[in-house]
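The structure under discussion appears below in the form of structure tokens.
Counting begins at 1 with the first residue of the sequence. Atoms within each ligand, like the ligands themselves, are counted from 1 in listed order. These figures come from a predicted structure and were not determined experimentally.
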Amino acid sequence: MAWLRRGLTISSLLSLGLAALFATAAGPVDVADARFSFCITCHGANAQGNPGVAAPRLGGLPAWHIDNQLKAFQAGWRGTAKGDEHGDVMRTMALALANDEAVRDAAAWAAALNAPAPAATLLGGDPTAGKALYAPCAACHGAEGQGQEALGAPPLAGQNDWYLETQLEHYLAGRRGFDPADSRGQQMRALAGTVSTPQQRRDLLAYLATLSTKAP
Ligand code: HEC
Ligand code: HEC
């Protein structure tokens, strides 16, 4: 403990104390946290996604993305447009989280769940054509579809293909990315124009499915 006797100052004591506090506040995530058990009624036991109620995979996605989207629902950037019934359901759920701390904890909880990467479900896509269509997307979403935190661009590999298809339709129809305050959504809405036909979207999703097999 020589370092203790030599180097102990008020400021090092303070920083030691703060580090301990942060470690406690961040804490290990309790995957059985009862506050969030209602989430799995729709998203599935490991939040692996449930097409029956159109609820996507959350387990294993990064906490920052889940946090961003819960706040987007709360702000009304998602789930308020006409024709977005599934978003409307999820917005009600997001509003049940009382404050930013609950949102943060819910995001950390969902990210910690161990959900397997989803299987491809959509038919009729050509992954070779999709690879070319994916090229401009890779700048933000990453060459492997792994996402990029600095841009708030979520992973696309590892997400349910049926969910991504719906979300692209939402951006194109202006049901997502319509609010000027939603800079991330607005950015993405402009990009959705590069896959404007249903066949282009199927091709792109067939390619993303090949990346999903490698996703965590
Ligand atoms: C009643 C069913 C239901 C419950 C309960 C529910 N969700 Fe959802 N959730 C959905 C549906 C449906 C969607 C898809 C919305 C859409 O298509 O825009 C969704 C979407 C999401 C998304 C967006 C994911 C993405 O990548 O865009 C997040 C994040 C999310 N839910 C988190 C949660 C969390 C955390 C809880 C618990 C606090 C929860 N959900 C409870 C139905 C539910
Ligand atoms: C300039 C950066 C950028 C580019 C390029 C880009 N995206 Fe995005 N994308 C984002 C951001 C940021 C978000 C989060 C938007 C939000 O919060 O609504 C997003 C969200 C998405 C979502 C919603 C995912 C979810 O879980 O909710 C899909 C699907 C998507 N992008 C597909 C694509 C495709 C396909 C392309 C190429 C045609 C593409 N993106 C190009 C930045 C980008």
Side-chain angles (χ1 to χ4, degrees), residues 33-44 47 49-75 77-81 83-98 102-113 130 132-142 145 147-172 175-179 181-196 200-201 203-205 207-208:
D33 194 326
R35 286 177 297 166
F36 308 124
S37 53
F38 77 100
C39 310
I40 68 176
T41 60
C42 292
H43 287 274
N50 177 2
V53 293
R57 180 184 183 215
L58 305 172
L61 290 183
W64 54 262
H65 168 63
I66 300 170
D67 192 279
N68 281 347
Q69 297 310 313
L70 288 171
K71 287 180 180 147
F73 282 112
Q74 289 184 332
W77 298 342
R78 294 186 66 175
T80 53
D84 185 6
E85 287 82 13
H86 297 311
D88 182 42
V89 168
M90 183 54 218
R91 179 166 143 83
T92 307
M93 302 302 138
L95 288 170
L97 300 169
V103 167
R104 189 197 62 199
D105 289 354
W109 164 82
L113 296 176
L133 287 165
Y134 185 68
C137 321
C140 295
H141 290 282
Q148 197 171 166
E149 180 173 9
L151 301 175
L156 300 177
Q159 186 49 282
N160 302 108
D161 53 6
W162 47 266
Y163 177 73
L164 295 177
E165 184 172 58
T166 312
Q167 298 310 309
L168 289 170
E169 288 164 6
H170 282 344
Y171 287 116
L172 284 163
R175 291 188 289 263
R176 227 179 129 172
F178 56 83
D179 192 316
D182 176 15
S183 56
R184 281 187 299 264
Q186 292 232 307
Q187 216 177 22
M188 184 51 223
R189 186 181 169 191
L191 264 303
T194 64
V195 282
S196 59
Q200 285 175 325
R201 294 193 289 279
D203 292 346
L204 177 105
L205 292 163
Y207 176 64
L208 282 175

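- Looking at atom 14 (C) of ligand 1, its nearest protein heavy atom turns out to be Ala54 O, 3.4 Å.
- Considering backbone and side-chain N/O atoms, Thr41 never comes within less than 3.5 Å of an N/O atom of ligand 1.
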Could you tabulate the donor-acceptor pairs under 3.5 Å formed by side-chain atoms of residues 184-194, not counting sequence neighbours?
{"from": "Gln186", "atom 1": "NE2", "to": "Gly177", "atom 2": "O", "distance (Å)": "3.3"}
{"from": "Thr194", "atom 1": "OG1", "to": "Leu191", "atom 2": "O", "distance (Å)": "2.9"}

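- For the pair Gly177 and ligand 2, no heavy-atom separation below 4.0 Å is found.
- In terms of heavy atoms, His86 sits closest to Val53 at ND1-O, 4.2 Å.
- Here the closest non-hydrogen pair linking Ile66 and Ala110 is CD1-CB, 3.8 Å.
- Going from atom CD of Gln159 over to atom CD of Gln167 covers 8.5 Å, rounded to the nearest 0.5 Å.
- Of the protein's non-hydrogen atoms, Gln167 NE2, 3.5 Å is the one closest to atom 16 (C) of ligand 1.
- For the pair Gly152 and ligand 2, a heavy-atom separation below 4.0 Å is found.
- Nearest heavy atoms, Ala63 versus Ala107: O-CB, 3.5 Å.
- Atoms CZ and OG1, on Arg176 and Thr80 in that order, are 12.0 Å from each other to the nearest 0.5 Å.
- The shortest contact between atom 18 (O) of ligand 1 and any protein heavy atom is with Arg78 NH2, 3.1 Å.
- In this comparison of Gln69, Arg176, Gln159, the heavy atom closest to atom 27 (O) of ligand 2 sits on Arg176.
- Of the listed residues (Asp179, Leu164, Val195), the one carrying the non-hydrogen atom nearest atom 29 (C) of ligand 2 is Leu164.
- Considering both main-chain and side-chain atoms, Trp109 never comes within under 3.5 Å of ligand 1 through any nitrogen or oxygen pair.
- Looking only at heavy atoms of the protein, atom 5 (C) of ligand 1 is closest to Phe38 O, 3.3 Å.
- Atom CG of residue Leu156 and atom SG of residue Cys140 lie 10.5 Å apart, to the nearest 0.5 angstrom.
- Residues His141 and Pro154 share a closest heavy-atom pair of ND1-O, 2.8 Å.
- Here the CG-CD distance, from Leu164 to Glu169, works out to 11.0 Å after rounding to the nearest 0.5 Å.
- Each of the atoms 12 (C), 15 (C), 17 (O) of ligand 1 lies under 4.0 Å from some heavy atom of His86.
- In this view, Phe36 and Trp109 satisfy the ring pair (Phe, Tyr, Trp, His ring centres under 6.0 Å) rule, not counting sequence neighbours.
- With contacts defined as side-chain heavy-atom distances shorter than 4.5 Å, the pair Glu149/Pro62 does not qualify.
- The Leu70 neighbourhood of ligand 1 comprises atoms 32 (C), with distances under 4.0 Å to a heavy atom of that residue.
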Show, in sequence, the C-alpha distance, side-chain angles and deciding distance for Arg201 and Leu133, and conclude whether the side-chain contact (heavy atoms from CB on, under 4.5 Å) test is met. CA-CA 9 Å; Arg201 294 193 289 279; Leu133 287 165; over 6 Å; no
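- Each of the atoms 12 (C) of ligand 1 lies under 4.0 Å from some heavy atom of Val53.
- Under the 4.0 angstrom criterion for non-hydrogen atoms, Leu151 is in contact with ligand 2.
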Between Met93 and Phe73, is the side-chain contact (heavy atoms from CB on, under 4.5 Å) condition met? List the steps. CA-CA 9 Å; Met93 302 302 138; Phe73 282 112; over 6 Å; no
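- How far OH of Tyr163 is from NE2 of His170: 7.5 Å, rounded to the nearest 0.5 Å.
- In this structure, Asn160 CG and Leu205 CG are separated by 11.0 Å, a value rounded to the nearest 0.5 Å.
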Evaluate Val103 against Asp67 for side-chain contact (heavy atoms from CB on, under 4.5 Å), listing each step before the verdict. CA-CA 6 Å; Val103 167; Asp67 192 279; 3.6 Å; yes
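- Around atom 8 (Fe) of ligand 1, the protein contributes the following N, O or S atoms under 2.8 Å, ordered by chain and number: His43 NE2, Met90 SD.
- Scanning all protein heavy atoms for the shortest distance to atom 26 (O) of ligand 1 gives His65 NE2, 2.7 Å.
- Ranking the protein heavy atoms by distance from atom 15 (C) of ligand 2 puts Tyr171 OH, 3.3 Å first.
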Between Arg35 and Asp105, does a salt bridge (charged side-chain N to carboxylate O under 4.0 Å, His left out) hold up when you go through it step by step? CA-CA 9 Å; Arg35 286 177 297 166; Asp105 289 354; 3.2 Å; yes
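- Put simply, part of Ile66 is less than 4.0 Å from ligand 1, judged by heavy atoms.
- Looking at Tyr163 next to ligand 1, an N or O pair under 3.5 Å apart turns up.
- Counting heavy atoms under 4.0 Å from ligand 2, residue Leu204 touches it through the side chain alone.
- Residue-ligand proximity, Thr194 to ligand 2, at heavy-atom distances under 4.0 Å covers atoms 38 (C).
- Here the closest non-hydrogen pair linking Ala75 and Arg91 is C-NH1, 4.0 Å.
- Pairing each heavy atom of Leu168 with each of Leu204, the nearest pair is CD1-CD2, 4.1 Å.
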Test log, rule side-chain contact (heavy atoms from CB on, under 4.5 Å), inputs Met90 and Leu70: CA-CA 9 Å; Met90 183 54 218; Leu70 288 171; 3.6 Å; yes
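- Residue contact check: Pro136 has heavy atoms under 4.0 Å from atoms 5 (C) of ligand 2.
- Protein N/O/S atoms nearer than 2.8 Å to atom 8 (Fe) of ligand 2 total 2.
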